[in-house]
Novice: 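Handing you this structure, nothing more for now.
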2 protein chains.
Amino acid sequence: MSQDFQNVRRRFITQWGALGSQWGINRTMAMIHALLLVAERELSTDEVMEELNISRGNANTNLRDLIDWGLVQRMVRPGERREYFAAEKDVWKIFCMVARERKRRETEPAQKVLEACIRDTEMDDSPQAREFRRELTALSDFVSLANTVMEKVAAAEQSRVLPRILKVL
Amino acid sequence: MSQDFQNVRRRFITQWGALGSQWGINRTMAMIHALLLVAERELSTDEVMEELNISRGNANTNLRDLIDWGLVQRMVRPGERREYFAAEKDVWKIFCMVARERKRRETEPAQKVLEACIRDTEMDDSPQAREFRRELTALSDFVSLANTVMEKVAAAEQSRVLPRILKVL
DNA sequence: CCGAACTTTCAGGAAACTTCGAAACTCGAT
DNA sequence: ATCGAGTTTCGAAGTTTCCTGAAAGTTCGG
């Protein structure tokens, strides 16, 4: 296999890893994802460790996290003990997974904080408290609306939704 | 002013800060943002420092970053040397700012990496290289499309866009 | 052009997060 | 039961990111 190609491949993996950290995803996780994305077949933990020069513990933890995100699947080969891992390659599905995860980790907790603070000042009808509630309610309503949009987008089919939205805008 | 209310207010600020770190935004920045969001008037650097118990350097840096994001504005009071800061309170504008920033920091660099890798394997027509290119192109096309959608959404008016999208879905 | 008021920068320490490696655990075959 | 291939957990070490406090820079009135 061409040396150049192997280099580009490796560069892709490391750069994707670097990007990951910009995103708040840890570097190893992003690298494993990139590796599996461009792998021609499923890989075992040991292969991942070897390609990326990482420890077993690290490989194991991050593979599990990727599985939790729904971005990677465990593959069992009949008659073999060892587990193999394969990345989801359908871009739209990846997008849905990431959206779902972000919703879970970002918007839902925010929603909860907002609602709790609104509830806890409900009794207080001083002008300050009213204004505070007003602000927080505006935020909360917006987050809900955005959430609903995300949910519907994620539930729909790629080919239909995006072009249609583009048309509306 | 009611003690309870002050407590909720403080809790909101710290919790919003904690959320921020989940999002890859640093805690102080998120806290300053929350503080200014629920402040009844613009605040000076010293007031921010005092409320949040942070150093001058920290306050200054994070205020600057918030200004770069477009989430906070410098206010000058005529006849006063000191600068005051006020948060953007329109939720839709906040959303647009955050979207713009995420695009700049997340999708644009990703796009560049993908394009570079595609270009660098263009000459290679081995099956592996072709497949690699195919994967990366799918990703790249998708990211572009998503970007276009984001841009248009951000350029539009809140009241019109979201309800309209909801209808289409 | 000086000094006071205010803002910005930066080196180094503190805190948070990531990674390693080894020990503990699981599970199926014998 | 025991072995061994394979997986998971966890404390310590390493790395990155954040925060502080002090020093340097800027700007305005006089």
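In what follows, chains are A, B, ... by sequence order, proteins preceding strands, each numbered from 1. Side-chain atoms are counted along with the backbone in the values below, which use heavy atoms only and exclude waters and symmetry mates.
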Novice: Over how many whole Å does the gap from N58(A) atom CG to dA22(C) atom P extend?
Specialist: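 Distance check: N58(A) CG to dA22(C) P gives 15 Å.
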Novice: Distance check needed: dT19(C) P versus N53(A) CG, whole Å only.
Specialist: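 From N53(A) CG to dT19(C) P: 13 Å.
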Novice: Please say whether more than 12 non-hydrogen atoms of neighbouring residues, nucleotides or ligands are located less than 6.0 Å from CZ in R27(B).
Specialist: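 Open: at most 12 neighbouring heavy atoms sit under 6.0 Å from CZ of R27(B).
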Novice: My understanding is that only residues two or more places apart in sequence, or in another chain, count here; which of them pass side-chain contact (heavy atoms from CB on, under 4.5 Å) with E115(B)?
Specialist: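 Partners of E115(B) by the side-chain contact (heavy atoms from CB on, under 4.5 Å) criterion, ordered by chain and then number, come out as Q111(B), R119(B), S140(B).
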Novice: Kindly state which residues belonging to residues 22-32 of chain A come within less than 4.0 angstrom of DNA chain C, counting heavy atoms of the residue only, listed by number.
Specialist: N26(A), T28(A)
Novice: OP1 or OP2 of dT7(D) less than 4.0 angstrom from a side-chain nitrogen or oxygen of N60(A), does that happen here?
Specialist: no
Novice: Would you say K89(A)'s side chain and L37(A)'s backbone share a donor-acceptor pair under 3.5 angstrom?
Specialist: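 Side chain of K89(A) to backbone of L37(A): a pair is present.
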Novice: Go through residues 71-84 of chain B and report each residue with a non-hydrogen atom lying under 4.0 Å from DNA chain D, sorted by number.
Specialist: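 The answer is R81(B).
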Novice: Just to be sure I understand the rule, does R56(B) reach a base, reach only the sugar-phosphate, or reach nothing, if contact means heavy atoms closer than 4.0 Å?
Specialist: base
Novice: State which residue, out of R104(A), K103(A), R105(A), fulfils the side-chain hydrogen bond (donor to acceptor under 3.5 Å, both in side chains) condition with E101(A).
Specialist: R104(A)
Novice: Check the distance between dT15(D)'s C1' and I54(A)'s CD1 and give it to me in whole angstrom.
Specialist: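 Rounded to whole Å, this separation is 16 Å.
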Novice: Looking only at side-chain atoms of T45(A), point me to the closest of dT7(D), dT9(C), dT7(C).
Specialist: dT7(D)
